[in-house]
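Data block below; observations after.
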Amino acid sequence: MHGADWMRILEQAVKDKVTQAVSDVGAEGDDWGYLLGPATVEEHGDLALPCHSLAPILKRSPVDIAESISSTLAPSLVGIAEVSAVSGFVNIRADSEWIATRLRELLSDDRLGIEVEESRVAAVDYSAPNVAKEMHVGHLRSTVIGDAIVRMLMYKGHTVHRENHVGDWGTPFGMLIEHLLDLGEHNAADELGMGDLDGFYKQARAKFNSDEQFVERSRNRVVMLQGGDGETLRLWRVLVDESMRYFNEVYGMLGVLLTNDDIMGESNYHHLLPEVVNRLADLGMLEDSEGAKVVYSGDWVNREGEPMPLIIQKADGGYNYATTDLACIIDRVERLGCNDLLYVVGTPQAQHFKMVFEVASQAGFMDESHNTAHIKFGSVMDSDGKILKSREGEAIKLVDLLNEAVSRAYQVIADRNPSIDSDERQRIAEAIGIGAVKYADLSTERTKDYVFDWDRMLSFEGNTSPYLQYAHARICSIFRRSDTDRPLPEDAAISIRHAEEALLARRLVNFSAMVDESLSTYSPHRLCTYLHSVASAFASFYENCPVLSSEDDDTMMSRLVLCDLTARTLSTGLGMLGIESPEQM
RNA sequence: GGGCGCGUAGCAUAGCCUGGAUAAUGCACCGGCCUCCUAAGCCGGGGACCGCGGGUUCGAAUCCUGCCGCGUCCGCCA
């Protein structure tokens with residue numbers, strides 16, 4: 001297990017010696033190095049080697065073996081780590097001096113140890129709001145998680161295509177366009193531009209459910225839209241543009257990277273849909289089912305236990321979302337040259353994506369060199385344990401949540417730090433309020449459902465982004481008060497003497513490993529957990545190890561190094577999560 | 001009915017992929033700490049049959065299996 005703390009650099013430094021020591025005690029043949037892992041009990045050390053599985057091979061007790069290995073290993077790790085044996089475990093603890101040297105390396109490294117990887121090309125499909133529908137808290141997850149993954153990939157040196165697969169096509173648009181006409185184009189555009197998407201959609205839906213004439217008009221309008229009627233397309237464009245204007249406002253508030261350049265709505269893949277059908281037909285994969293063209297793949301079955309197909313083209317000639325998703329794959333592989341196809345989409349679509357990926361592979365739209373991942377996330381539930389849907393009318397608008405978060409943050413700053421003027425206060429309130437909302441979503445394991453809790457989203461205490469930002473701001477405050485400029489001298493002397501210094505130093509040295517762990521599993525929450533542990537270690541250090549009033553200049557400089565690295569680790573880490581790090585709060 | 005996922009202190013979560021020592025964190029609760037670098041904080045404390053039962057293993061929250069509960073998906077919506 002590689003939890004919140006995994007001292008990868010120590011593992012790399014000692015691995016060969018450990019393997020050697022194990023074989024020296026007689027366990028030859030296999031490579032037993034894999035037994036080496038993070039110590040689960042912090043007091044025992046940084047790394048541990050459990051010797052129990054060697055016992056049957058060596059015919060000795062684990063305690064005995066651990067002691068043998070320990071005494072062989074200890075001399076070879078002088079200057080790196082201390083070795084001890086406790087109840088069948090060999091424990092390895094990095095020397096303070098060795099860690100100090102690692103810190104000095106980080107001090108002069110802008111990337112804080114995070115390596116640039118061989119560059120891949122990735123498409124990250126995320127956010128994907130629906131035109132003329134309100135963005136509610138359910139959209140937050142995809143947008144925020146996707147954005148964090150994009151930032152991590154970019155930091156690691158990959159080329160990333162952000163793909164905002166906006167719902168801008170399909171049968172509802174007949175209804176929406178007719179409603180637009182009923183309201184009067186100008187009025188409707190105003191309403192949409194004001195961000196009252198919910199009202200607009202619900203009114204349209206209500207008419208559709210009660211007015212047969214309206215239903216008829218809507219149907220006709222869909223036909224005109226799909227037939228490419230000029231005026232209809234123009235009206236459709238109004239809906240899309242007004243909605244996008246509103247979405248961009250929300251993106252701006254949220255501080256995500258998405259812009260108009262990233263919009264690749266469903267309508268963009270229109271021209272590829274016949275191509276999908278043709279290619280599948282040429283491969284002989286298409287079968288007829290009551291007039292529809294479908295692909296049977298895998299062993300999916302429906303309610304009746306019959307094989308379940310992926311529908312490619314409906315009997316009426318229309319296309320399905322599966323077809324669009326296949327077209328996307330063609331586009332991303334062939335036009336964009338992507339290696340990684342990542343979809344930040346809710347868990348309910350898991351089966352759909354499995355089927356789509358399967359068909360795409362079979363059809364040769366992609367091959368073994370392509371990595372697909374459905375980065376699924378759980379649903380936001382209401383207090384009854386039911387999935388939260390905008391249609392139900394109870395869902396909280398995302399903008400309202402964000403505004404509330406900012407105004408609460410504004411109030412807290414006014415209470416705690418009245419010296420900050422109101423412009424600056426507003427700017428900081430946005431960083432803190434928005435950060436808190438994003439962090440609340442990012443910090444929990446993404447596949448789990450959770451019940452929406454207003455207070456949870458708006459909390460500024462405990463494992464929240466304000467806690468991390470607070471640590472950062474305190475450090476900035478220390479530097480403001482000191483007469484030492486950053487960046488600090490590269491040859492600064494570092495000495496780790498107190499327990500609080502040692503704990504903080506250990507955390508700092510693990511940053512790059514934790515970033516890699518977080519990205520490799522597409523799990524931003526791991527980075528959150530790690531950053532919280534850094535901030536927490538800093539808070540203890542801050543209380544117990546005075547910096548500016550240290551006993552001597554060397555101690556002060558050493559502590560300033562810890563402060564500097566902590567601040568940079570926090571701001572870099574928060575930056576990957578799309579959260580700002582104000583210098584005061 | 002079948003597929004997938006989830007179940008860890010009062011609440012909310014991490015740990016599960018890759019098995020290891022006393023199950024970690026936050027909120028809430030109890031007790032301490034601001035003449036001292038920002039108390040959005042720190043220090044200490046209580047609180048858990050890791051859903052239930054089997055199995056594998058020297059060792060299981062973690063792997064396998066059965067059951068229970070909840071969620072979600074299951075052909076022309078996306």
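What's counted below: heavy atoms across the whole structure, side chains too, no hydrogens, waters or symmetry copies. Per chain, numbering begins at 1; letters A, B, ... match sequence-line order.
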Please list each protein N or O that sits under 3.5 Å from an N or O in nucleotides 3-13 of chain B, with the distance.
unit_1, atom_1, unit_2, atom_2, d
G7(B), OP1, K448(A), NZ, 3.1

Annotated structure of RNA chain B as dot-bracket, pair cut-off 3.5 Å, Watson-Crick or G-U only, | for inter-strand, is (((((((..((((......[...)))).(((((.......))))).....(((((..]....))))))))))))....
Measure from the ring center of H52(A) to the ring center of F89(A) and say whether it is less than 6.0 Å.
yes
Using the ring centroid of each side chain, check whether Y269(A) and Y319(A) are separated by less than 6.0 Å.
no
So, [X] and [Y], do they make that salt bridge, N to O below 4.0 Å?
X       : Y       : answer
R568(A) : D564(A) : yes
D441(A) : R446(A) : no
R456(A) : E461(A) : no

Nucleotide nearest [X] (side chain, heavy atoms from C-beta), chosen from [options]:
X       : options                : result
E461(A) : C27(B), C77(B), U38(B) : C27(B)
S540(A) : C43(B), C37(B), A21(B) : C43(B)
M308(A) : G41(B), C37(B), C74(B) : C74(B)
H532(A) : A78(B), A21(B), G26(B) : G26(B)
R526(A) : C77(B), A21(B), C16(B) : C16(B)
A539(A) : C42(B), A21(B), G20(B) : C42(B)
Q584(A) : C73(B), U38(B), C42(B) : U38(B)
M585(A) : U38(B), A21(B), G15(B) : U38(B)
E543(A) : G41(B), U38(B), G20(B) : G41(B)
P546(A) : A21(B), G26(B), C37(B) : C37(B)

Separation of N544(A) atom CG from C43(B) atom C1', in whole Å?
8 Å
Distance check needed: A28(B) P versus F460(A) CZ, whole Å only.
15 Å
Does a distance-only test, which skips hydrogens and angles, find a donor-acceptor pair under 3.5 Å between the side chain of N91(A) and the base of A21(B)?
yes
Less than 3.5 Å between a donor and an acceptor, one on the side chain of T529(A) and one on the base of A14(B), is that the case here?
no
How is F89(A) classified with respect to the nucleic acid when contacts are heavy atoms under 4.0 Å: base, sugar-phosphate, or nothing?
base
At under 4.0 Å between heavy atoms, what does Q349(A) touch on the DNA or RNA strands: base, sugar-phosphate, or nothing?
base
Does [N] have its OP1 or OP2 closer than 4.0 Å to a side-chain nitrogen or oxygen of [X]?
X       : N      : value
Y467(A) : C27(B) : no
H525(A) : G15(B) : yes
N320(A) : A78(B) : yes

Can you name the salt bridge (Lys or Arg N to Asp or Glu O under 4.0 Å) partners of E404(A), sequence neighbours left out?
R408(A)
Could you work out, with salt bridge (Lys or Arg N to Asp or Glu O under 4.0 Å) as the rule, every residue matching E424(A), not counting sequence neighbours?
R427(A)
Side-chain polar contacts of residues 541-553 of chain A - donor-acceptor pairs under 3.5 angstrom, sequence neighbours left out - could you list them?
unit_1, atom_1, unit_2, atom_2, d
N544(A), ND2, E500(A), OE2, 3.4
N544(A), ND2, S540(A), O, 2.7
S550(A), OG, P546(A), O, 3.3
S550(A), OG, V547(A), O, 2.3
D552(A), OD1, D554(A), N, 3.1
D552(A), OD1, T555(A), N, 2.7
D552(A), OD1, T555(A), OG1, 2.9
D552(A), OD2, T555(A), OG1, 3.0

For Q426(A), side chain to side chain contact (heavy atoms under 4.5 Å, CB included) partners two or more places apart:
V406(A), Y410(A), E430(A)
When you compare [N] with [M], how far apart are their [atom1] atoms, in angstrom units rounded to a whole number?
N      : M      : atom1 : result
C33(B) : G51(B) : P     : 40 Å
G19(B) : G59(B) : P     : 15 Å
A60(B) : U13(B) : P     : 28 Å

Once you measure the plane-to-plane angle for F357(A) and Y343(A), does it fall in the parallel (<30°), tilted (30-60°) or perpendicular (>60°) bin?
tilted
